[in-house]
Amino acid sequence: MSTRQPDKGAARRNPVAKGAEKCAAGERLDPADDPRAVRGGERAAFALGDVASNLTWTTISSYLLFFYTDVAGIVAGTAGTLMLIARLLDAFFDPAVGLVLDRTVTRWGRARPYLLFGAPLLAALTLLTFLTPGGGGTGALIYAYVTFVLVGLAYSLVNVPYGALMAMTTRDSGARMQLAGMRSFGVGIGLIVVSTATQPLISLFGGSATSRSGFAWTVGLYAVTGVVMFWAVFGLAKERVPAAPVPEARAGIANSVKALAGNAPWLTVFAFSILSFARLGVITGGAVYFALHTLDRPAAVSMILLAFSLSAVLGSLITAPVLRALGHRRGILLGLITCIVLSGLLFFLSGNLVAFTAVFFVANLVGGFGFVAVPALVADTVEWHEWRHHRRDEGLLFAGYSMSTKIGAALGSACLAWGLAVIGYRPGAVTPHMRDDIGLLFIGLPILIAALQAAVIAAYRLETKLPAIKEEIRLRAER
């Protein structure tokens with residue numbers, strides 16, 4: 001195993017620049033290294049994949065807690081504990097999926113078959129999750145635990161391979177950041193659909209905002225659409241980067257896990273991703289309560305979530321050039337600091353919905369640079385992994401990323417639910433003091449989490465070493 005640092009000469013021979021020079025000179029590159037190999041249709045497929053993911057994920061993040069408390073009748077604190085325990089349990093399924101993925105060989109590739117066969121299972125379990133019986137009794141609670149765990153497992157079977165697919169599509173960092181941007185664009189579109197269409201569809205299908213049948217028809221529509229989109233990714237995406245041959249002495253699950261634990265850049269990105277999704281969970285889950293009770297304006301649910309969604313869409317378009325100009329670490333850090341400052345102003349703007357929404361939009365736009373970049377950062381840690389441990393393990397590394405999204409979302413939802421329990425939230429009995437407390441939860445918790453994100457990303461150091469690492473891997477392969 002090589003543990004020496006990349007040499008300075010290799011650092012000067014930037015392989016990204018080298019690849020661009022070869023492209024310009026008309027030299028033939030390996031498709032895995034050629035940024036031109038990833039064409040428009042394939043880039044669009046990665047956007048579709050995240051639209052599909054968010055028709056499930058964002059619907060659960062934004063509406064399941066509300067469904068549990070106001071439709072199924074489960075007490076807020078109990079619902080929060082349910083969401084934390086169930087999500088943490090299924091989060092540990094992600095590494096198992098990653099380990100299996102790294103050992104998968106089929107005629108369709110390593111990752112793509114999981115999209116083909118896993119998407120229908122995910123759709124069915126998403127619908128079942130929103131069919132939790134009412135009354136809030138023991139039966140409803142057991143049903144909620146079982147379905148919430150199972151939908152998380154199904155999400156792992158689809159999303160871990162989907163995430164790893166980006167690292168299998170290309171080695172080129174620029175192309176990866178473009179794909180990460182397309183993924184974030186898909187996230188934004190999914191957020192827009194869920195934030196603007198869900199409540200009207202529930203009322204259309206069921207006649208009220210808390211209609212059980214309205215939830216069922218709406219979630220069923222999203223689930224079927226998600227299957228079609230994942231199948232489109234299966235058809236359009238290609239796996240160009242071969243699995244790195246692993247010496248027999250280094251094979252085995254224990255060695256894979258040990259190598260993962262020794263990947264310091266990945267651990268940093270993992271912690272950052274947990275916090276990113278915790279903040280996302282608080283914002284998307286808290287918007288319903290904030291609009292209905294603090295603002296006393298049901299229409300503000302769509303307005304606030306739409307602003308958040310649009311910030312993700314615009315962020316997907318500007319993050320790559322911003323981070324290219326400022327650097328990954330510096331750009332993400334500056335964005336988070338600005339987000340914290342702007343979010344503090346929201347405490348004084350709740351009486352002016354237009355001003356509140358505008359500041360909220362800008363705060364989440366700049367605070368979301370890291371959210372957009374995380375999949376590309378994870379893909380970069382694969383290169384460090386191969387350089388240090390002579391193995392790529394894309395499945396395991398992206399399983400960890402998927403695991404972080406679940407842990408983060410679980411922590412965000414649980415903290416929000418426990419906060420509601422602390423202030424004594426009960427549907428239909430919200431006092432003026434409770435309205436102020438809900439506002440404090442919705443604004444204050446994301447500020448605290450953003451500060452923690454800034455502290456974590458400040459420790460990220462892979463960016464400056466990556467060109468030399470890639471060059472050494474290339475030279476090693478030629479020997």
Side-chain angles (χ1 to χ4, degrees), residues 61 84 87-88 91 177 180 184 187 260-286 308 311-312 315 318-320 322-347 359-360 362-381 384-385 397 400-416 418-419 440-466:
S61 299
L84 178 63
R87 188 56 84 213
L88 290 179
M177 191 57 75
S184 184
V187 169
L260 178 69
N263 189 330
W266 181 88
L267 292 172
T268 300
V269 177
F270 176 76
F272 182 83
S273 182
I274 288 176
L275 293 168
S276 296
F277 278 86
R279 186 158 64 94
L280 174 68
V282 172
I283 291 172
T284 56
F308 184 74
S311 73
I318 69 171
T319 295
V322 168
L323 298 189
R324 187 163 53 244
L326 298 177
H328 296 171
R329 174 179 166 276
R330 183 183 302 168
I332 294 170
L333 191 56
L334 289 175
L336 285 168
I337 292 171
T338 305
C339 173
I340 292 169
V341 173
L342 292 175
S343 295
L345 298 178
L346 296 177
F347 285 112
V359 174
F360 177 80
V362 177
N364 284 285
L365 173 65
V366 296
F369 291 157
F371 185 83
V372 175
V374 161
L377 298 183
V378 175
D380 286 343
T381 67
W384 191 96
H385 203 75
L397 269 66
Y401 167 59
S402 179
M403 183 179 178
S404 74
T405 69
K406 291 181 178 181
I407 294 174
L411 288 173
S413 296
C415 288
L416 176 63
W418 291 336
L440 180 62
L441 286 173
F442 180 67
I443 299 171
L445 274 178
I447 290 176
L448 175 60
I449 296 171
L452 294 174
Q453 284 181 272
V456 169
I457 200 61
Y460 182 74
R461 292 289 187 273
L462 178 59
E463 180 182 2
T464 56
K465 301 175 183 178
L466 191 60

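Quick note: numbers below take in every heavy atom, side chains included, and nothing from hydrogens, waters or symmetry partners.
Here Ile318 contributes atom CD1 and Leu323 contributes atom CG; the two are 9.5 Å apart, rounded to the nearest 0.5 Å. With values rounded to the nearest 0.5 angstrom, Thr319 atom OG1 is found 10.5 Å from His328 atom NE2.
Listed for the Trp384 side chain is no donor-acceptor partner under 3.5 Å among the backbone atoms of Asn263. A side-chain donor-acceptor contact under 3.5 Å links Ser343 to the backbone of Cys339.
The six-membered or imidazole ring of Phe272 lies away from that of Tyr460, with a centre-to-centre distance of 6.0 Å or more.
Counting all heavy atoms, side chain and backbone alike, Gly367 lies closest to Leu336 at O-CD2, 3.7 Å. Nearest heavy-atom pair across Ile283 and Pro446 is CG1-CG, 3.8 Å. Nearest heavy-atom pair, Thr381 versus Pro265, reported as atom, atom and distance to 0.1 Å: CG2-C, 3.9 Å. Across every non-hydrogen atom of Leu333 and Ala454, the tightest pair is CD1-O, 3.3 Å. Between Ala450 and Ile340, the shortest heavy-atom distance links the atoms CB-CG1, 3.7 Å. Minimum interatomic distance between Val366 and Ala363 (heavy atoms only, all atoms of both residues): CG2-O, 3.5 Å.
Applying the 6.0 Å contact sphere to CZ of Arg461 captures more than 12 heavy atoms from other residues, nucleotides or ligands.
No option in Leu448, Leu452, Asn364, Leu445 other than Asn364 meets the side-chain contact (heavy atoms from CB on, under 4.5 Å) test with Arg279.
Between Phe360 and Phe442, the angle of the ring planes stays under 30°, which puts this pair in the parallel group of the 30/60° scheme.
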